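Notes to accompany the following structure.
Just so it is clear, the structure is predicted and the values come from calculations on it, not from any experiment.
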Amino acid sequence: MRYRTLLFAAPGVAMLLTLAACGDEQANGNPAAEPSGTTSVQPSGTPADTLTITVRASAEAPAKTWTLTCDPPGGTHPKAADACAALTKAKEPFKPVPKDQMCTKIYGGPEIATVKGTWQDKPIDTKFTRADGCQLHRWTEVAPVFGNVPKVR
């Protein structure tokens with residue numbers, strides 16, 4: 001009987017402790033509606049998120065390079081609004097494929113792209129390929145960022 005009580009009591013106590021640790025800003029007397037006294041100011045004239053995108057049809061092909069800014073969309077990117085929309089829609093657009101991720105052997109092509117700069121105040125320096133199923137999915141998720149990939153000659 002004692003063991004059954006422990007089986008039911010232990011998870012209940014754990015849940016109560018977890019809930020006790022949760023709360024909102026109202027509970028500590030610091031309502032979210034009140035300003036905190038600190039403000040963040042962006043420098044004027046310079047967009048916070050600026051990316052440089054370099055795309056190659058293959059490792060040996062010449063590169064096409066664009067700049068991209070979002071909010072408002074701009075830069076030298078030919079379809080900046082579409083590229084910004086794709087980045088905003090993707091949950092983590094620049095997250096690399098984990099090293100231990102199992103991927104299908106689907107080859108999408110020799111195209112290579114690099115993206116450098118800042119996105120949502122985080123430094124970005126990443127490479128996109130179409131070498132396997134995982135990389136192909138990652139590429140496709142933000143494909144408008146790469147514009148019209150140059151053709152191999």
Side-chain angles (χ1 to χ4, degrees), residues 10-11 14-15 17-28 30-153:
M15 186 172 78
L17 290 174
T18 303
L19 290 173
C22 296
D24 62 10
E25 292 184 25
Q26 298 285 341
N28 65 14
N30 186 12
E34 291 181 15
S36 65
T38 61
T39 58
S40 175
V41 178
Q42 295 289 339
S44 61
T46 306
D49 295 328
T50 303
L51 299 171
T52 300
I53 300 115
T54 303
V55 183
R56 295 177 184 270
S58 70
E60 301 80 28
K64 269 192 171 179
T65 303
W66 297 289
T67 58
L68 176 67
T69 58
C70 295
D71 199 23
T76 60
H77 196 285
K79 295 186 178 178
D82 292 343
C84 290
L87 289 173
T88 303
K89 184 179 175 185
K91 186 176 180 181
E92 295 178 281
F94 302 111
K95 183 179 179 183
V97 174
K99 300 256 186 239
D100 60 348
Q101 177 79 34
M102 291 181 64
C103 302
T104 59
K105 294 294 182 185
I106 298 173
Y107 181 69
E111 297 84 2
I112 299 170
T114 58
V115 180
K116 296 180 181 185
T118 57
W119 176 255
Q120 297 179 343
D121 297 324
K122 293 178 186 164
I124 302 299
D125 186 355
T126 190
K127 180 179 177 180
F128 288 82
T129 69
R130 298 162 51 99
D132 61 37
C134 295
Q135 296 295 341
L136 186 58
H137 171 74
R138 187 171 174 247
W139 180 291
T140 304
E141 194 174 36
V142 294
V145 171
F146 310 124
N148 294 327
V149 178
K151 301 289 183 211
V152 178
R153 294 179 201 196

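In this structure, the side chains of Thr65 and Ile53 stay at 4.5 Å or more apart for every pair of heavy atoms. Counting only heavy atoms from C-beta outward, the side chains of Ile112 and Lys127 approach each other to under 4.5 Å. Side chains of Cys84 and Leu68 form a contact here, defined as non-hydrogen atoms less than 4.5 Å apart. Between Thr126 and Arg138 there is a side-chain heavy-atom pair separated by less than 4.5 Å. Using a 4.5 Å heavy-atom threshold, the side chains of Leu87 and Val142 count as touching. For the pair Phe94 and Asp125, the minimum side-chain heavy-atom distance is 4.5 Å or more.
Trp139 and Phe128 have perpendicular rings, their planes meeting at more than 60° on a 0 to 90° scale where under 30° would count as parallel.
Note that CG of Asp71 and CG of Asp49 are 8.0 Å apart. Values are rounded to the nearest 0.5 Å. Leu51 CG to Thr69 OG1: the interatomic distance, rounded to the nearest 0.5 Å, is 9.0 Å. Here the straight-line distance linking atom CD of Glu141 with atom NZ of Lys89 works out to 9.0 Å at 0.5 Å rounding.
Listed here is the closest heavy atom pair of Gly147 and Trp66: CA-CH2, 4.1 Å. Contact detail for Trp119 and Cys70: the closest heavy-atom pair is CZ3-SG, 3.7 Å. Nearest heavy-atom pair, Ala63 versus Thr54, reported as atom, atom and distance to 0.1 Å: CB-CG2, 3.5 Å.
Every residue two or more places apart in sequence or in another chain that forms a salt bridge (charged side-chain N to carboxylate O under 4.0 Å, His left out) with Arg130 is listed here: Glu111. Residues passing the side chain to side chain contact (heavy atoms under 4.5 Å, CB included) test with Gln101 are Val97, Pro98, Cys103, Cys134, sequence neighbours excluded.
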Quiz item: Step by step, would you call Thr67 with Thr52 a side-chain hydrogen bond (donor to acceptor under 3.5 Å, both in side chains)?
Solution: CA-CA 4 Å; Thr67 58; Thr52 300; over 6 Å; no
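With hydrogens and angles disregarded, a donor-acceptor distance shorter than 3.5 Å links the side chain of His77 to the backbone of Val145.
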